[in-house]
Amino acid sequence: MVLSFSFKNKLKSFLINVSLLILGSFLFAFSNPGFVFSEGLGFLAWIAYIPVFVLVYRLSFKTVWIYGFVYGVFSYMLYVSWLVIFSPVGSIAIEAMYGVFLMLTFVAMKACCLLFPKKWYLASFLACLGYEYLKTIGFAGFSYGVTAYTQWKNPILIQCADLGGVWLLSAVVLFSSAWLSNVLVCFFKKSEKSAQAFVQVLRENFIPAFVWFVVLVAIVVYGFASVKDYSAFPKVKVAAIQHNTDPWLSNDVEAYAKDVDTLIALSNQALKEQPDTALVVWPETSVIPPILKHYHLRRDRNRFNLIKRFLDFVESQQAVFVIGNDQQDDFYSPDPADYNGVLVFSPKKNTLPPEPEIYRKIHLVPFTESFPWSKQFPSLYEALLNGDTHLWSQGNEYVVFRQAGLAFSTPVCFEDTFGDTGFKMFRAGARAFVNLSNDAWSKSLACQNQHLAMARFRCVENRIPAVRSTASGQTCIIDPNGIITAMAQPFAKTYVTGEIPVIPNDAEQTVYCRTGDVLGQFFAAAAFVLILSGIVRCVFRKITGNS
């Protein structure tokens, strides 16, 4: 009888824990753009981590790591479900990686619960913030899933990004889950479950909530006050082209030529609509054959004809063209360095013969564009080379192009998901971002919106505009307030035209641009120091015999 009662309690506890894990995973996925809600339900983010905080509090130290691993796998399986279409192996790798990351985070949060029983939720909250920063750095850094990006549709809240980057907004959103979790835990600890008891718990936890509310109000007020009117600034007309093709699906020169012909036709339409357009942008690797190589070597007549047709077209225009191209330094070498490049052509100046200004992508996508451990893991390296990947060489300079009346840099695809790319480009002299992307491989509106969500923050963080030309979406123009002023229909052969303000070279750096990710670094360091100090205090008490 006693055994049966004990088993029922354990089963009940297990089912509650599993339910919390599943609920937390779905709340995380649904608060972001995803396969169900393509733009995400950002309001869910304010409560999305309640199941996580409560679950960690309930679990023992022996089992918390298992739940952390499962939560990481399941939540990211839902969140990046689009990755399965492109690479099932890559999807498994990401989910396993986040299983490990969240396993360690759950362990750190549980340590916070044990070391700081009275303020467990504050310590656990700090551990979560530290995790969010740490997951974005290093070779495998991945910014997708940072809490602040769930608020990408809120033009007021995102304005605080010019103060603390995404980390300030993440802290404000995450705290609501942490505080509410503590309220629930305190309430269910009470012997009497009544409205009066709940009100008492709220009173006991009033001060942290009041401080949070004051910070939130300050951010909202700042959001309204910091939005700037750029109508009086000089403007440059731009066109971003979207040909709705994944250029890497074929290794056929005829397919490459068809893509270039489509891009030329769309560019002609855009320029006919807006003849005084100064800048035309084509997507990432929209021209596959290396332009300089095939123009000079001329070993492949079909590829040369394609390149020549493209160059003749650009030479006949007035606008500056920004092109994504597979770029090689020493094309006479049998094994040249191969870069995911951006070429900038100014008609009548550097087009025929082609002598474009060049940017080479620096922040490469791990495992699909870069793998630095070829000698340590030769088998995996060979598998990547033989798989559906294109490993590039890494660029080393944030180039600023001064063309078409603008000073702009060109983050390529994955690069504009990182705040440090933006402020490094601004510090180098960029006063606009021209992003070239290809998310067509995902065949997913959710994936494209997840990318766009991050791109909006880069504009606010540095208070400069952006033009995004993508293979299939989201092609758009964003102003320095992070407001999308023009958007092309996704998954269509189309273009978008509009104007961006010319930000002066002596524009003042934002607080974030000056300080970088110092707030995220602070959260990570503070969490480490807090847990370490708690361990030291615990050991000292045991040695001295103090309770």
Side-chain angles (χ1 to χ4, degrees), residues 2-31 44-78 98-132 145 147 173-194 197-198 200-202 204-205 208-209 212 527 530-531 534-535 538:
V2 175
L3 181 62
S4 175
F5 181 74
S6 175
F7 173 77
K8 287 181 179 179
N9 278 347
K10 288 182 178 179
L11 179 61
K12 179 182 177 181
S13 180
F14 172 74
L15 293 176
I16 291 173
N17 292 341
V18 170
S19 298
L20 288 170
L21 187 150
I22 294 172
L23 178 61
S25 298
F26 275 103
L27 286 174
F28 168 77
F30 288 167
S31 62
L44 289 179
W46 300 83
I47 60 170
Y49 294 95
I50 292 176
V52 171
F53 282 100
V54 174
L55 175 62
V56 171
Y57 185 86
R58 288 172 50 85
L59 294 170
S60 69
F61 210 84
K62 292 180 179 179
T63 59
V64 70
W65 65 274
I66 300 174
Y67 282 87
F69 182 83
V70 175
Y71 171 79
V73 170
F74 189 48
S75 61
Y76 270 81
M77 181 176 68
L78 295 171
Y98 274 90
V100 174
F101 285 174
L102 270 302
M103 176 184 73
L104 296 174
T105 303
F106 270 43
V107 169
M109 290 172 67
K110 187 61 186 180
C112 290
C113 295
L114 299 175
L115 295 170
F116 306 98
K118 293 183 178 179
K119 299 297 180 183
W120 68 274
Y121 72 101
L122 293 175
S124 296
F125 159 71
L126 198 59
C128 280
L129 292 175
Y131 150 74
E132 286 214 336
T147 300
V173 176
L174 263 170
F175 186 83
S176 63
S177 286
W179 183 82
L180 288 169
S181 299
N182 186 54
V183 167
L184 291 174
V185 167
C186 292
F187 175 70
F188 282 104
K189 276 184 175 180
K190 291 187 173 294
S191 55
E192 179 187 355
K193 308 295 189 297
S194 64
F198 188 73
Q200 182 182 353
V201 171
L202 293 178
E204 292 169 353
N205 292 276
W212 170 82
L530 186 68
I531 294 173
I535 294 173
C538 184

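The structure displayed is predicted, hence computed values, not measured ones. Just so it is clear, the values below take in all heavy atoms, side chains as well, and ignore hydrogens, waters and symmetry mates.
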Determine whether Leu44 and Phe28 make a side-chain contact, defined as any pair of heavy atoms from C-beta on separated by less than 4.5 Å.
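Contact flag for Leu44/Phe28 side chains = no.
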Are Cys112 and Ile531 close enough that some pair of their side-chain heavy atoms sits under 4.5 Å apart?
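The answer is yes, as the side chains (C-beta and beyond) meet within the 4.5 Å cut-off.
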Would Trp120 and Val185 count as a side-chain contact (heavy atoms from CB on, under 4.5 Å) if you check the C-alpha gap in whole Å, the side-chain angles of each, and the deciding distance to 0.1 Å?
CA-CA 11 Å; Trp120 68 274; Val185 167; 3.8 Å; yes
Just to verify, what does [X] make a ring-ring contact (aromatic ring centres under 6.0 Å, His included) with, not counting sequence neighbours?
X      : value
Phe69  : none
Phe26  : Phe30, Phe74
Phe198 : Phe187

Are Ser124 and Tyr57 linked by a side-chain donor-acceptor pair shorter than 3.5 Å?
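Absent: no donor and acceptor within the cut-off.
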Minimal non-hydrogen separation, [X] against [Y], with atom names:
X      : Y     : answer
Thr63  : Leu59 : OG1-CD2, 3.9 Å
Ser177 : Ala45 : OG-O, 4.1 Å
Ala111 : Phe61 : N-CE1, 3.9 Å
Cys113 : Val56 : SG-CG1, 4.2 Å

Evaluate side-chain contact (heavy atoms from CB on, under 4.5 Å) for Tyr49 paired with Ser181, printing each intermediate quantity in order.
CA-CA 8 Å; Tyr49 294 95; Ser181 299; over 6 Å; no
Any donor-acceptor pair under 3.5 Å from Ser13 side chain to Asn9 backbone
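No, because the side chain of Ser13 does not come within donor-acceptor range (under 3.5 Å) of the backbone of Asn9.
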Please say whether more than 12 non-hydrogen atoms of neighbouring residues, nucleotides or ligands are located less than 6.0 Å from [atom1] in [X].
X      : atom1 : result
Lys193 : NZ    : yes
Trp65  : CH2   : no
Lys190 : NZ    : yes

To the nearest 0.5 Å, what is the distance between [atom1] ([X]) and [atom2] ([Y])?
X      : Y      : atom1 : atom2 : result
Leu55  : Ile50  : CG    : CD1   : 13.5 Å
Leu180 : Leu202 : CG    : CG    : 9.0 Å
Phe175 : Leu129 : CZ    : CG    : 10.5 Å
Asn182 : Asn205 : CG    : CG    : 4.5 Å
Phe116 : Leu122 : CZ    : CG    : 10.5 Å
Ser60  : Lys110 : OG    : NZ    : 7.0 Å

Evaluate the criterion side-chain contact (heavy atoms from CB on, under 4.5 Å) for residue pair Ser176 and Ile47; output intermediate values, then yes/no.
CA-CA 7 Å; Ser176 63; Ile47 60 170; 5.7 Å; no
Results of side chain to side chain donor-acceptor pair (under 3.5 Å) for Tyr76 - residues two or more places apart only
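Here the qualifying residues are Lys135.
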Can you list everything that forms a side chain to side chain donor-acceptor pair (under 3.5 Å) with Trp46? Sequence neighbours excluded, please.
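For Trp46, the residues satisfying side chain to side chain donor-acceptor pair (under 3.5 Å) (neighbours in sequence not counted) are Gln151.
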What donor-acceptor contacts under 3.5 angstrom involve side-chain atoms of residues 100-108, with partners at least two apart or in another chain?
| from | atom 1 | to | atom 2 | distance (Å) |
| --- | --- | --- | --- | --- |
| Thr105 | OG1 | Phe101 | O | 2.8 |

Is there a side-chain contact (heavy atoms from CB on, under 4.5 Å) between Tyr98 and Ser75? Walk through the geometry before answering.
CA-CA 9 Å; Tyr98 274 90; Ser75 61; over 6 Å; no
